[in-house]
Amino acid sequence: MSAGRLVLVAFVAALACEATHAPDQAAERPFAPTHEEILVEPRSHLLPTYPCTSCHDEREAQPTRRRLADYHRTRYDDLKHGDDAFWCYQCHALEDIDKLRMASGQLISFDEAWRLCTSCHGDKQRDFQRGIHGLTIGEWNGKKHRRSCTGCHDPHNPRFRSMTPEKPPAPVQSR
Amino acid sequence: MTPEARLGELVRLRLGRHDTRRGFLKTALAGAAVASASTACDGAGVEKLLSKHYLKLTDEDKRKLFARIEAEVLARSGVRVTVGDPQPMAGVEFVHALDLSLCNGNRRCVEACARENNLPDDIRYLRVVEVDAGTLELANAEHAYDPELVPRSGKNYLPVQCQQCKKPPCVDACPVKATWVEPDGIVVVDYDWCIGCRYCQAACPYYARRFNFREPSIEPSRINPDQAYLSNRIRPAGVVEKCTYCLHRTRRGRYPACLEACPTGARKFGNINDENSEVRRMLERKRTYVLKEELGTVPRFFYFFG
């Protein structure tokens with residue numbers, strides 16, 4: 001992964017909208033209040049088929065909804081997100097396949113996928129911004145790395161997959 | 001090993017230690033040569049017998065003590081570790097929160113905790129129990145669930161660990177004050193002061209404490225060298241230990257190991273005195289539960305449904 005990209009993606013200060021400290025409140029809290037620097041982890045460098053234009057450059061985009069018979073067939077058949085109206089160009093941008101398209105028409109990077117997800121999932125957005133939903137690692141009182149929505153959820157099938165559990169506890173200690 | 005054999009070994013171990021200590025004191029009182037006691041133990045052994053309670057240690061005592069522990073680990077396992085003593089931060093009270101709607105019982109936290117805290121195979125601070133969906137019924141909980149895949153349908157998963165109670169029954173039960181509540185809310189154990197009576201273990205309503213029945217054997221490659229005196233240093237046999245909210249990490253600003261290992265992001269951690277902390281935001285907005293609230297232990301561990 002390119003370190004430059006990681007640095008380029010600005011610390012999303014806007015995310016910590018509730019973390020702004022009014023100066024008059026500071027006096028009431030003698031300890032250091034939470035100083036949040038949140039990096040929502042970029043993901044496009046992790047995607048095996050990105051950039052999409054490496055194939056889609058040579059293909060004419062077909063904006064009509066249809067079952068995909070060839071490439072992305074399994075992805076389409078396994079699509080379990082939203083209702084029947086959902087297909088590729090619900091989220092992917094027809095005019096620039098390397099981008100995602102917000103409902104407003106604004107094109108955004110794959111690294112900001114959380115903005116698109118939360119335009120429907122507003123309840124999760126509030127919890128995500130407050131750090132109540134989602135995996136945040138780093139420092140509880142400083143720099144945090146927050147997984148983007150798509151870092152944990154497959155956007156085409158967002159429900160968590162079943163997992164193999166670690167081994168059960170040894171029966172040595174009596175209960 | 002059968003339970004009887006284990007008990008026998010334990011009795012020998014404990015009685016042996018008391019014999020040594022009593023013998024040493026008698027000899028010293030009689031004014032006889034200390035050398036006769038020293039035949040039973042080397043110089044470090046004498047130091048161990050005379051060591052003070054953690055809270056009475058001076059900085060100089062600590063320096064010597066930690067160096068001795070580091071040297072012992074190096075001699076025993078060939079691993080160079082550092083034993084630190086991070087102090088509580090002023091104004092900080094740690095609280096852990098767990099989103100039960102996200103926990104799927106995968107036990108990644110259990111294993112991450114074991115690696116972080118140098119636990120032998122038979123000891124785990126954390127235990128995820130499987131309960132019937134819609135209940136938090138601990139009495140019928142399944143501890144040893146082991147299906148191919150989790151979550152099982154119709155089941156919920158409830159990770160239980162030390163709740164770092166505000167009114168901890170375990171602390172009241174200890175006859176030698178080897179366990180106490182730190183200013184940041186973490187209940188700690190002085191492993192060198194613990195006499196292994198296990199009263200605390202019986203007093204804890206959360207089954208959070210573990211006893212070292214034998215000298216812990218940890219593969220040298222799995223030893224975490226970043227250690228603290230009150231948390232994850234390798235414990236001797238015959239003492240009680242428990243979750244310390246990873247104080248060697250959290251008092252240095254990091255999240256606990258279990259939280260970072262959780263693939264579903266169910267765990268939250270922070271300073272409850274800070275209104276911008278994640279746990280505070282959770283407490284202000286979510287329906288929260290504590291385990292066995294009726295006991296009045298006032299846990300610093302909250303469960304919620306996100």
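Letters A, B, ... mirror the listed sequences (proteins, then strands); counts begin at 1. Being a predicted model, the structure only gives us computed values, none of them experimental.
The residue among Arg124(B), Lys268(B), Glu111(B) with the most heavy atom pairs within less than 4.5 Å of chain A is Lys268(B). No other option in Glu139(A), His153(A), Glu166(A), Arg147(A) has as many heavy-atom pairs under 4.5 Å with chain B as Glu166(A). Taking Arg249(B), Lys286(B), Arg252(B) one by one and counting their heavy-atom pairs under 4.5 Å with chain A, the maximum is reached by Lys286(B). Highest contact tally toward chain A, considering only Asp99(B), Thr264(B), Val110(B), is held by Thr264(B) [criterion: heavy-atom pairs under 4.5 Å]. Note on Tyr145(B), Phe94(B), Phe304(B): by heavy-atom pairs under 4.5 Å with chain A, the leading option is Phe94(B).
Pairing each heavy atom of Arg127(B) with each of Ala170(A), the nearest pair is NH2-O, 4.3 Å. In terms of heavy atoms, Pro165(A) sits closest to Glu148(B) at CD-O, 3.5 Å. In terms of heavy atoms, Asn104(B) sits closest to Met163(A) at ND2-SD, 3.2 Å.
Environment of CZ in Phe86(A): crowded, with over 12 heavy atoms of neighbouring residues, nucleotides or ligands closer than 6.0 Å. Crowding of Arg66(A) atom CZ: a count of heavy atoms from other residues, nucleotides or ligands under 6.0 Å exceeding 12.
Partners of Lys292(B) according to the salt bridge (charged side-chain N to carboxylate O under 4.0 Å, His left out) rule, which considers only residues two or more places apart in sequence or in another chain, do not exist here. Residues passing the side-chain hydrogen bond (donor to acceptor under 3.5 Å, both in side chains) test with Asn117(B): none are found, sequence neighbours excluded. In this structure Thr53(A) satisfies the side-chain hydrogen bond (donor to acceptor under 3.5 Å, both in side chains) test together with Asp98(A), sequence neighbours excluded.
Listed by sequence position, Tyr255(B), Leu259(B), Glu260(B), Cys262(B), Pro263(B) are the residues of residues 255-263 of chain B in contact with chain A, using a 4.5 angstrom heavy-atom cutoff.
Between the CG atom in Asn141(A) and the OG1 atom in Thr250(B) there is a gap of 11.5 Å [rounded to 0.5 Å]. Here the CD1-CZ distance, from Ile132(A) to Arg280(B), works out to 12.5 Å after rounding to the nearest 0.5 Å.
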Show your working on side chain to side chain contact (heavy atoms under 4.5 Å, CB included) between Phe160(A) and Asn106(B) and close with a plain yes or no. CA-CA 12 Å; Phe160(A) 256 76; Asn106(B) 60 65; over 6 Å; no
Run His133(A) and Met282(B) through side chain to side chain contact (heavy atoms under 4.5 Å, CB included) and show every step you take. CA-CA 9 Å; His133(A) 182 93; Met282(B) 183 282 297; over 6 Å; no
One pair to check against salt bridge (Lys or Arg N to Asp or Glu O under 4.0 Å): Glu278(B) and Arg130(A). What are the steps and the verdict? CA-CA 6 Å; Glu278(B) 290 138 25; Arg130(A) 290 170 183 144; over 6 Å; no
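Taking the side chain as every heavy atom from C-beta outward, Val92(B) and Trp140(A) approach each other to under 4.5 Å.
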